[in-house]
Amino acid sequence: MFDIKWIRDNPDAFDKAMSQRKNVSVRSSDLIAIDERRRQVIVRLNEAQEKRNSFSKQIGQAKAQKDEARAAELMAEVARLKEFIPAGEAEERAVEKELRDALSTIPNMAFDDVPVGDDESGNVEYFGPNGSPETAAQQRPAKPSFSFAPKEHFEIGVAETNMDFEVAARLSGSRFVVLKGQVARLERALGQFMLDLHTTEFGYTEVLPPVLVRDDALYGTGQLPKFEEDLFFTPHGENRLALIPTAEVPMTNLVREAILAEEELPLRFTALTPCFRSEAGSAGRDTRGMLRQHQFNKVELVSITTPEEAVNEHERMLMAAETVLRKLGLHYRVMTLCTGDMGFGARKTYDIEVWLPGQDTYREISSVSVCGDFQARRMEARYRPAGEKQAPRYVHTLNGSGTAVGRCLIAVLENYQQEDGSVLIPEALQPYMGGLTSIGGK
RNA sequence: GGAGAGAUGGCAGAGCGGUUGAAUGCACCGCACUCGAAAUGCGGCAUAGGGGCAACUCUAUCGGGGGUUCGAAUCCCUCUCUCUCCGCCA
């Protein structure tokens with residue numbers, strides 16, 4: 001969420017940033033006009049309240065001195081103000097809400113170094129800080145080569161028997177899957193492997209959060225009010241709870257309404273949770289296989305930092321996510337999303353796209369975003385800078401997948417498939433598979 | 001699910017209709033004392049929004065929201081959460 005004061009002071013920068021976003025038509029002048037009305041109401045209301053308070057004090061004093069006549073006189077005086085104050089308060093509430101509603105649907109502003117573009121065709125490949133295509137190619141696993149035509153994940157022998165879309169459809173409808181046997185185990189192994197990696201090598205604290213959350217939490221991270229149709233809700237008493245679309249929601253909200261000490265930062269959290277998305281806008285896309293499901297597992301990374309550290313933390317988080325793929329020997333590339341392709345709360349986003357030989361293409365497996373104070377402002381998440389008597393400042397928040405477990409399963413299956421329908425197990429995963437070196441063999 | 005109690009500043013904890021943004025203690029910061037530290041003493045120490053070049057000033061906030069009142073941390077309604085007891089339960 002934007003700070004209206006910032007918009008007031010930087011209307012041109014705001015308008016320029018918004019013009020680069022997709023489907024955003026808001027103008028700073030509209031917002032400033034609301035703010036103008038808001039401030040006028042506040043001035044009038046404050047004046048009336050000041051008078052009332054002053055009179056009320058005098059009434060108290062008069063009563064203390066048993067001067068009832070004087071008290072009655074003052075009460076008559078203040079009665080006239082009473083006509084305005086409740087109306088003024090209601091008006092202030094209304095205009096505050098109007099401003100908040102307007103601000104809460106405005107997406108974040110991209111950093112200056114984010115490429116400008118309308119859609120994913122404007123994304124730019126990223127090779128790491130000070131990186132080049134050559135250095136990146138050295139550091140990242142190479143594309144595998146096959147002596148046969150590689151299949152898509154759901155066509156591979158071991159998956160055909162252990163990845164059941166038909167029975168899932170009978171239970172739950174389309175975009176669900178039932179995993180069985182060694183494929184289910186492989187999914188579990190991947191999740192454990194990723195959590196262990198992030199907690200032991202990158203200092204993330206493991207979290208097991210609720211997967212049902214309130215509207216407030218979703219508002220905090222930016223899914224509400226604008227993206228309600230992407231979520232699943234379940235009734236709960238008079239209210240409702242949402243199934244989390246990502247563990248970013250509960251983990252980022254761990255610091256909501258908190259004032260942290262600077263010494264506590266950065267906070268780094270990781271969780272393996274199921275995620276639930278209605279995929280309302282994705283009808284007809286990726287309908288085969290388990291690439292796009294209503295329910296999938298994901299290991300998520302969340303960092304809470306100072307403003308100064310946020311950009312460094314972004315690179316660090318990207319590296320943590322990349323390390324998953326490096327250790328698994330999966331070829332990938334990293335894209336910097338352009339202004340038109342970025343998510344609502346992000347100031348800059350890197351997507352990691354893993355190579356899927358069966359599809360003969362790269363597919364997103366991780367998205368790593370730095371959000372600045374956008375979410376912190378919505379959540380009232382602050383920290384007190386070290387040193388004496390500093391006012392609290394908003395924290396900066398980051399989130400990234402580390403990585404999507406279901407998609408990683410697909411990637412392992414497609415990249416390690418053998419002609420006989422079996423799949424080799426990457427070395428890093430073998431301890432999590434009871435030492436197995438392959439699954440689905442005869 | 002039933003019955004009851006509660007939610008106050010970073011923490012603990014008073015206040016229960018009048019000049020209370022809020023006693024007191026702890027924590028924290030500054031100063032004094034000290035060779036230094038501890039102890040002690042003195043002072044400071046919430047957040048947000050307005051107005052003002054500034055000094056400064058006004059308003060709001062005692063879990064959230066609404067109400068009663070000239071005036072609410074204090075009274076009423078409502079929501080959320082916590083605790084105790086009973087019931088149920090993986």
Side-chain angles (χ1 to χ4, degrees), chain A residues 1-9 31-103 208-220 224 235-242 250 253-265 267 373 376-395:
Chain A
M1 177 131 78
F2 274 92
D3 179 2
I4 184 63
K5 278 194 283 193
W6 186 88
I7 297 175
R8 221 191 282 157
D9 294 340
L31 298 164
I32 291 170
I34 299 172
D35 186 51
E36 207 62 49
R37 275 192 285 128
R38 173 181 147 266
R39 289 193 289 161
Q40 280 169 15
V41 171
I42 288 173
V43 167
R44 281 195 297 150
L45 180 62
N46 282 7
E47 279 171 5
Q49 287 168 324
E50 182 187 350
K51 279 188 198 149
R52 180 201 61 193
N53 289 351
S54 148
F55 279 129
S56 290
K57 272 187 190 175
Q58 292 177 48
I59 291 168
Q61 285 163 355
K63 290 217 168 190
Q65 290 160 17
K66 303 271 190 272
D67 187 350
E68 291 299 332
R70 172 83 181 134
E73 197 179 306
L74 288 162
M75 276 161 76
E77 197 82 32
V78 81
R80 274 184 279 121
L81 289 168
K82 287 271 289 176
E83 288 171 27
F84 174 69
I85 289 177
E89 283 173 343
E91 201 181 335
E92 187 197 0
R93 241 177 272 144
V95 71
E96 297 266 12
K97 182 178 187 311
E98 190 182 344
L99 183 61
R100 194 173 54 247
D101 288 351
L103 290 172
L208 191 66
V211 299
L212 291 169
V213 296
R214 289 215 176 107
D215 281 19
D216 284 349
L218 293 155
Y219 181 87
L224 290 181
H236 183 243
E238 299 291 295
N239 300 305
R240 63 179 186 180
L241 289 170
N253 275 282
L254 288 176
V255 297
R256 70 176 294 117
E257 291 159 59
I259 300 179
L260 306 161
E262 180 168 358
E263 296 73 45
E264 298 175 69
L265 303 177
L267 289 171
D373 65 7
R377 202 177 288 282
R378 290 169 162 254
M379 294 188 300
E380 281 299 316
R382 292 171 294 176
Y383 77 100
R384 201 178 291 282
E388 60 177 297
K389 280 186 208 161
Q390 297 256 35
R393 302 166 72 193
Y394 287 110
V395 297

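Quick caveat: nothing in here was measured; it's all calculated off a predicted structure. Letters A, B, ... mirror the listed sequences (proteins, then strands); counts begin at 1.
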Taking pairing as Watson-Crick or G-U wobble with both contacts under 3.5 Å, can you name the mate of [N], or confirm there isn't one?
N     : value
B:A73 : none
B:G25 : B:C11
B:U61 : B:A46
B:C16 : none
B:C81 : B:G6
B:U40 : B:A32
B:U68 : none
B:A90 : none

Residues forming a side-chain contact (heavy atoms from CB on, under 4.5 Å) with [X], sequence neighbours excluded:
X        : result
A:Glu264 : A:Leu260, A:Ala261
A:Ala381 : A:Val255, A:Ala376, A:Met379, A:Val395
A:Leu212 : A:Thr234, A:Leu241, A:Leu243

Atom-to-atom span, [atom1] of [X] to [atom2] of [N] - whole angstrom:
X        : N     : atom1 : atom2 : answer
A:Gln61  : B:G18 : CD    : P     : 14 Å
A:Asp35  : B:A48 : CG    : P     : 17 Å
A:Ile259 : B:A48 : CD1   : C1'   : 11 Å
A:Arg100 : B:A48 : CZ    : C1'   : 14 Å
A:Leu74  : B:G18 : CG    : P     : 18 Å

Atom pairs, protein N/O to nucleotides 77-82 of chain B N/O, distance under 3.5 Å:
{"unit_1": "B:U80", "atom_1": "O3'", "unit_2": "A:Arg214", "atom_2": "NH2", "d": "2.4"}
{"unit_1": "B:C81", "atom_1": "OP1", "unit_2": "A:Arg214", "atom_2": "NH2", "d": "2.8"}

How would you list, by chain and number, every residue that makes a side chain to side chain donor-acceptor pair (under 3.5 Å) with [X], sequence neighbours excluded?
X        : result
A:Arg382 : none
A:Lys5   : none
A:Asn46  : none
A:Glu36  : none

Can you give each donor-acceptor pair under 3.5 Å made by side-chain atoms of residues 55-66 of chain A, sequence neighbours left out, with the distance rounded to 0.1 Å?
{"unit_1": "A:Ser56", "atom_1": "OG", "unit_2": "A:Arg52", "atom_2": "O", "d": "3.0"}
{"unit_1": "A:Gln58", "atom_1": "OE1", "unit_2": "A:Arg70", "atom_2": "NH2", "d": "3.4"}
{"unit_1": "A:Gln58", "atom_1": "NE2", "unit_2": "A:Ser54", "atom_2": "OG", "d": "3.4"}

Do A:Met1 and A:Tyr219 have side chains that approach each other closer than 4.5 Å (heavy atoms only, starting at C-beta)? yes

Walk me through it: do A:Ile4 and A:Ile34 pass the test side-chain contact (heavy atoms from CB on, under 4.5 Å)? CA-CA 10 Å; A:Ile4 184 63; A:Ile34 299 172; over 6 Å; no

How far, in whole Å, is [M] from [N] if one measures between their [atom1] atoms?
N     : M     : atom1 : value
B:C88 : B:C79 : P     : 27 Å
B:C70 : B:A14 : P     : 32 Å
B:A46 : B:G52 : C1'   : 24 Å
B:G30 : B:G21 : P     : 30 Å
B:C29 : B:A37 : P     : 13 Å
B:C56 : B:A38 : C1'   : 41 Å
B:U61 : B:G4  : P     : 31 Å
B:U80 : B:G65 : P     : 15 Å

Please list, pair by pair, any protein nitrogen or oxygen found under 3.5 Å from a nitrogen or oxygen in nucleotides 51-53 of chain B.
{"unit_1": "B:G51", "atom_1": "OP1", "unit_2": "A:Arg39", "atom_2": "NH1", "d": "3.0"}

Measuring from A:Leu267:CG to A:Tyr383:OH, what's the distance to the nearest 0.5 Å? 12.5 Å

B/S/- along nucleotides 55-72 of chain B (protein heavy atoms under 4.0 Å) is ---BSS-----SS--BS-

May I ask you to evaluate whether A:Arg384 reaches the phosphate of B:U47, defined as a side-chain N or O under 4.0 Å from OP1 or OP2? yes

Residues 94-103 of chain A vs salt bridge (charged side-chain N to carboxylate O under 4.0 Å, His left out), sequence neighbours excluded, gives A:Arg37-A:Glu98, A:Arg38-A:Glu96, A:Lys97-A:Asp101

So, A:Asp373 side chain and A:Tyr394 main chain: donor-acceptor pair closer than 3.5 Å or not? no

